[in-house]
Amino acid sequence: TGNLADATRRPFRVPVGGERAEHLRSPMDENRDWPTFHEAIVIWEHFYAAHNIVSRNTEELIGLFRQICFPGETSEAYMRAVASGNPRDETKDAVELEINRLVLNYLTSIATLVDISRNTMKHYEGSRAANEYSERVAQIRDRGLGPLLIRLRAHVVHRARLPWRFVSI
């Protein structure tokens, strides 16, 4: 679904000018444990890279669901394969494998972004950036989507199985 050109078309970059630079500099001024402004840039580059991976995985997953759910070659081939009742149909197996691959990539990248976000914000404790981050995390948590995705990923990883099964009706 995506290629290298798509991946590099809209990458995030670390904001280093104006007020954003002050967000990056503030923990260095307040906390002597923070080594350098350059290290802040590197940390934020890691955060934005993880965010770009989540975005790409989201686009790929949505793209596959569109191919399956809306009329077209992929959806028609998949429906014929499911309707055939053959449990070992190559088309059906290929589509279901791709769904599983993209869902696992998406869940893993979400968990990675959460971990990187937490580690990044540890450097900003007590700052305005940390307060804004905490408010956004609370909004996501209150909607229930974030915790659901993290629990789903933990289930898949620790139980070594997907919590769904494809069934022909």
Side-chain angles (χ1 to χ4, degrees), residues 1-16 20 41-122 124 129-130 132-169:
T1 53
N3 59 36
L4 186 57
D6 292 337
T8 57
R9 187 169 7 122
R10 294 178 287 116
F12 282 100
R13 292 287 176 224
V14 174
V16 293
R20 298 264 185 197
I41 297 294
V42 170
I43 287 170
W44 280 99
E45 285 289 350
H46 287 245
F47 170 83
Y48 288 121
H51 187 278
N52 286 333
I53 291 167
V54 170
S55 296
R56 175 125 183 233
N57 286 336
T58 302
E59 289 172 9
E60 288 181 351
L61 186 58
I62 289 170
L64 180 62
F65 285 145
R66 283 187 178 136
Q67 288 178 18
I68 294 168
C69 296
F70 295 107
E73 186 178 326
T74 302
S75 65
E76 291 169 11
Y78 181 67
M79 290 307 184
R80 277 193 305 274
V82 170
S84 76
N86 179 359
R88 301 198 189 281
D89 184 278
E90 288 182 21
T91 300
K92 180 177 163 291
D93 289 346
V95 170
E96 291 172 1
L97 177 64
E98 188 68 358
I99 290 169
N100 287 333
R101 182 183 75 80
L102 293 177
V103 168
L104 290 172
N105 285 351
Y106 176 75
L107 293 172
T108 301
S109 65
I110 289 286
T112 300
L113 181 60
V114 167
D115 290 343
I116 289 174
S117 298
R118 286 179 183 153
N119 289 330
T120 299
M121 295 316 296
K122 285 178 186 175
Y124 291 84
E132 290 173 11
Y133 170 78
S134 295
E135 289 171 14
R136 289 183 185 185
V137 167
Q139 291 170 355
I140 292 169
R141 185 182 53 244
D142 292 346
R143 282 188 253 149
L145 182 58
L148 170 69
L149 293 175
I150 296 303
R151 284 193 304 266
L152 183 57
R153 185 241 172 221
H155 175 82
V156 169
V157 170
H158 299 295
R159 298 224 177 206
R161 67 181 124 149
L162 301 170
W164 55 83
R165 213 173 59 153
F166 296 99
V167 184
S168 299
I169 310 177

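All residue numbers refer to positions in the sequence shown, counting from 1. Keep in mind the model is a prediction, meaning the values are calculated, not measured. Note that these values count all heavy atoms, side chains included, but never hydrogens, waters or copies made by symmetry.
Expressed to the nearest 0.5 Å, how far OG1 of T108 lies from CG of L113 amounts to 12.5 Å. Taken to the nearest 0.5 Å, the CG atom of N105 stands 10.5 Å off from the CZ atom of R56. We find the CD1-CG distance between I140 and L148 to be 13.0 Å, quoted to the nearest 0.5 Å. Rounding to the nearest 0.5 Å gives a distance of 12.5 Å between CD1 of I62 and CD of Q67. Note that CG of L102 and CD of E59 are 12.0 Å apart. Values are rounded to the nearest 0.5 Å.
Legend: side chain to side chain donor-acceptor pair (under 3.5 Å) pairs involving residues 134-154, not counting sequence neighbours: none detected.
Ring planes of W44 and F47: perpendicular class, angle over 60° (limits at 30 and 60°).
Between Y106 and E60, the closest side-chain pair of non-hydrogen atoms is not below 4.5 Å. Here the side chains of V42 and H46 are in contact, with some heavy-atom distance below 4.5 Å. For the pair I99/I68, a side-chain contact is recorded, criterion being any heavy-atom separation below 4.5 Å from C-beta on.
The shortest heavy-atom contact between A81 and D89 is CB-OD1, 3.1 Å. The two residues S75 and F70 make their nearest non-hydrogen contact at OG-O, 2.9 Å. In plain terms, the two heavy atoms of N86 and K92 that are nearest each other are O-CD, 4.3 Å. Heavy-atom minimum distance, L61 versus V103: CD1-CG2, 3.8 Å. Among all heavy-atom pairs drawn from S109 and N57, the shortest one is OG-ND2, 3.1 Å. The two residues I150 and A111 come nearest to each other via the heavy atoms CD1-CA, 3.8 Å.
Under the side chain to side chain donor-acceptor pair (under 3.5 Å) criterion, D115 pairs with no residue, sequence neighbours left out. Partners of R101 according to the salt bridge (charged side-chain N to carboxylate O under 4.0 Å, His left out) rule, which considers only residues two or more places apart in sequence or in another chain, are E98.
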